[in-house]
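In the text below, chain A, chain B and the rest are named by the order of the sequence lines, each starting its count at 1. Bear in mind the structure is a predicted one, so any value in this text is a computation, not a measurement.
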Protein chains: 2
Amino acid sequence: MASNDQPVPVFSKPVTLRDVATEAGVSVATASKALNDQGRMTTETRERIRQTAQRLGFRPNSLAQSLLRRRSFTVGLLTNDTYGRFSLPLMAGISDALVDAGVSVFLCNVEEDPRLGQLHVEAMLDKRVDGIIATGKRIDRHLPVDLSNLRIPVIYAFTQPDPDAVAFVSDDAGGARLAVEHFCRLGRRRIAHVTGPSTFAVVHERAEAYRAVLAENGLPAMEPLLGSWTESFGHQAVAHLFDGAGEKPEAIFCGNDQIARGVIDGLRERGLSVPGDVGVIGFDNWQIVAEATRPPLTSVDMNLAALGREAGLTLLSLVGGKPAVPGIRKLPCRLVVRQSCGRLQDG
Amino acid sequence: MASNDQPVPVFSKPVTLRDVATEAGVSVATASKALNDQGRMTTETRERIRQTAQRLGFRPNSLAQSLLRRRSFTVGLLTNDTYGRFSLPLMAGISDALVDAGVSVFLCNVEEDPRLGQLHVEAMLDKRVDGIIATGKRIDRHLPVDLSNLRIPVIYAFTQPDPDAVAFVSDDAGGARLAVEHFCRLGRRRIAHVTGPSTFAVVHERAEAYRAVLAENGLPAMEPLLGSWTESFGHQAVAHLFDGAGEKPEAIFCGNDQIARGVIDGLRERGLSVPGDVGVIGFDNWQIVAEATRPPLTSVDMNLAALGREAGLTLLSLVGGKPAVPGIRKLPCRLVVRQSCGRLQDG
DNA sequence: CTTAGTTGGGAAAAGGTTTTCTCACATCGA
DNA sequence: TCGATGTGAGAAAACCTTTTCCCAACTAAG
């Protein structure tokens, strides 16, 4: 049987620093110093070693470096967000902030399973991650793992288990203000708020901001409609708001894009034009939803990637030994204006 | 200034094998063997060392182990799927398959940027990942990185750069068959197919299967409608199919759930009932979309998690030195029946 | 010519674990 | 009592890199 009958691939051995040193006729110590711009030697020697390393395709073994430096250039991202609606943009930001520092990210989805969470955390700890970023779908619920007594820095994004932790969250109240104030600027007077269930902390935070902006602008207060984060609740809300007697809203600020979508569809089915008769603004700026509504949805973007970047950078500096003051940092949202909210009339 | 004025946390030093050995009054060699069930010693000694390790909370340093074993218990997942629509379920499957083996997964989103791809791949290589799984949004496009001459095993999921590679993809033709055959069983005779652009390989593969099933069942052939993967194309398609003259379809098999959503909305706007007048089946089984359509959408599920599990397991066995025959492995889809496709009439 | 200082480069330890050898001691049969 | 066998446990090498000394050779000053 010929040897090439075997489909098993042969992987060549990685070239080590010793190989480079031998090839260049110096000791490993010198080779190391040459490549790290340390120590003293003739530029000639240094250059020769560099060339040799280059030629041999030498890449230092991170494992050995990590062992020595007690730093693995690795962080873990813990999430329970199965579909990655929030965690992926966050991840993108983190990754973006860290890749230039040579740091890679372990992603662990722990669902709601404490056993799984424990397993993943231990695996990461054993691999000596430099730090952990924990994220969740909502600020007022925590991952099913205890990260409080780890020997490494932990940063929270979108959740904050205790006030002594360092946490980054979006400024939901500010985001709500952006939306409602935008409606005010557009001259809408009766502004409704349709949002998720009262069990979510953000629901109250945003509703509070909504009421505040109405008050500041001398507009009629309307009680926020709490329900579920679904399209179908958007439909129900429209039925509730428009099918009864009394004055109808001119604008609806929705708690997420799915609700907004349901609202827009419900309005259209009633022959109401968006934004002509009613303006709609959503929350989350979930592109795939926001761009599919008719008309495309104006929505509050939580800047998750930026949040991830901040979290990543902060973790890095924490790992580097710089202290960080504990507490929540709120990062501003931004309003992404499309066509569902109406436009300022010129003149 | 009191020392507790400083917010810098103090992280205790990890306990090493040497600590355990010293504490138990043995050598590190013995300690190692005790904990790994190797070597010879009295059960008494072994037990005592175990207890000591337990008491001290010893966890072996993975870095040191990896260095020695030339195996990092780490794999990389490379993707360009920003929103994680495909890569996250895949990731979940991979992670699920590997976590019990103590393997963690680096997730790297390289977008379409070759520089970024290169950066990530090098970072992973330096960290001595045991293998890499590369995935993409579509089988006929590849990531902007060259993985062909790595010293570690590579597995592809959803893409296959060359026939010598090991790749896992979903059986799109089979999935299409499932959908169309389901319509046939339900007695629908005029079955249309609305799908994405011709630049996608899967579009042709599924269209082929669609035609084949029609032929096998002696049903009238209809030319598939190719467009974009969007809701708005779904609307257009409905206009095209129903607003002209000629016989109308009784069923529509859509290339993805977004198209299906557009189709369903378009049908409703025309006063056609789903599934009463027209049955609709989508593709991807994107839960958040499929459950929000009215009625909920029957859809072909590509079993991405299962695919990820297979890929992970295969990579593991490849890493373990077992050869794997190159080529594409197609994994079956499954039909998730909800309410949009109609039901078999009893009696 | 001696001494102090500089320069280029190497030896060795460290990081934490695993594994192979080796060794001392005990036991057993002759 | 002597060799053979077996048993429990330790010493040391290995994995790969970094860093701290250290040393030899050379230069310059006195």
Separation of B:Asp19 atom CG from C:dG15 atom C1', in whole Å?
-> 13 Å

Whole-Å distance separating the CG atom of A:Leu17 from the P atom of C:dG15 | 20 Å

Exam field: side chain B:Arg46 to backbone B:Arg40, donor-acceptor pair closer than 3.5 Å = no

Could you check how far CZ of A:Arg128 sits from P of C:dG15, rounded to whole Å?
-> 14 Å

Euclidean distance, atom CD of residue B:Glu47 to atom C1' of D:dA9 [Å, nearest integer] = 18 Å

Between A:Lys127 and B:Ser104, do the side chains contain an N or O donor and an N or O acceptor separated by less than 3.5 Å?
-> yes

How close or far is atom P of D:dT18 from atom CZ of A:Arg18, stated in whole angstroms?
-> 14 Å

Might you point out which heavy atoms bring A:Ser72 and A:Asp130 nearest each other, and give the distance in Å?
-> N-OD1, 2.8 Å

DNA chain C contacts among residues 26-40 of chain A, heavy-atom distance under 4.0 Å = A:Val26, A:Ser27, A:Ala29, A:Thr30, A:Lys33, A:Arg40

Ignoring backbone atoms, establish whether A:Gln65 has a side-chain N or O less than 4.0 Å from OP1 or OP2 of D:dC16.
-> no

Give a yes/no on whether any side-chain N or O of B:Thr45 is located under 4.0 angstrom from OP1 or OP2 of D:dG8.
-> no

State whether A:Thr42 places a side-chain N or O below 4.0 Å from either non-bridging phosphate oxygen (OP1 or OP2) of C:dG9.
-> yes

With a 4.5 Å limit on heavy-atom distance, are the side chains of B:Arg151 and B:Arg128 in contact?
-> yes

Have a look at A:Ser66 and say if it touches a base, only the backbone sugar-phosphate, or nothing, with a 4.0 Å heavy-atom cut-off.
-> nothing

Within the side chain of A:Thr52, is there an N or O that forms a donor-acceptor pair under 3.5 Å with the backbone of A:Arg48?
-> yes

To the nearest Å, give me how far apart CZ (A:Arg59) and C1' (D:dC16) are.
-> 15 Å

Do B:Phe86 and B:Phe158 make the cut of ring centroids closer than 6.0 angstrom?
-> yes

CG of B:Asn61 versus C1' of C:dG16: gap in Å, rounded?
-> 6 Å

To the nearest Å, give me how far apart CZ (A:Arg46) and C1' (C:dG8) are.
-> 11 Å

Do B:Phe168 and B:Ile155 come within less than 4.5 Å of each other through their side chains, counting heavy atoms only?
-> yes

In residues 68-75 of chain B, which residues come under 4.0 Å of DNA chain D by heavy atom?
-> B:Leu68, B:Arg70

Show the numbers, then the answer: is there a salt bridge (charged side-chain N to carboxylate O under 4.0 Å, His left out) between B:Arg329 and B:Glu310?
-> CA-CA 10 Å; B:Arg329 287 158 184 63; B:Glu310 284 304 314; over 6 Å; no

Is the shortest heavy-atom distance from the side chain of B:Asp100 to the side chain of A:Leu119 under 4.5 Å?
-> yes

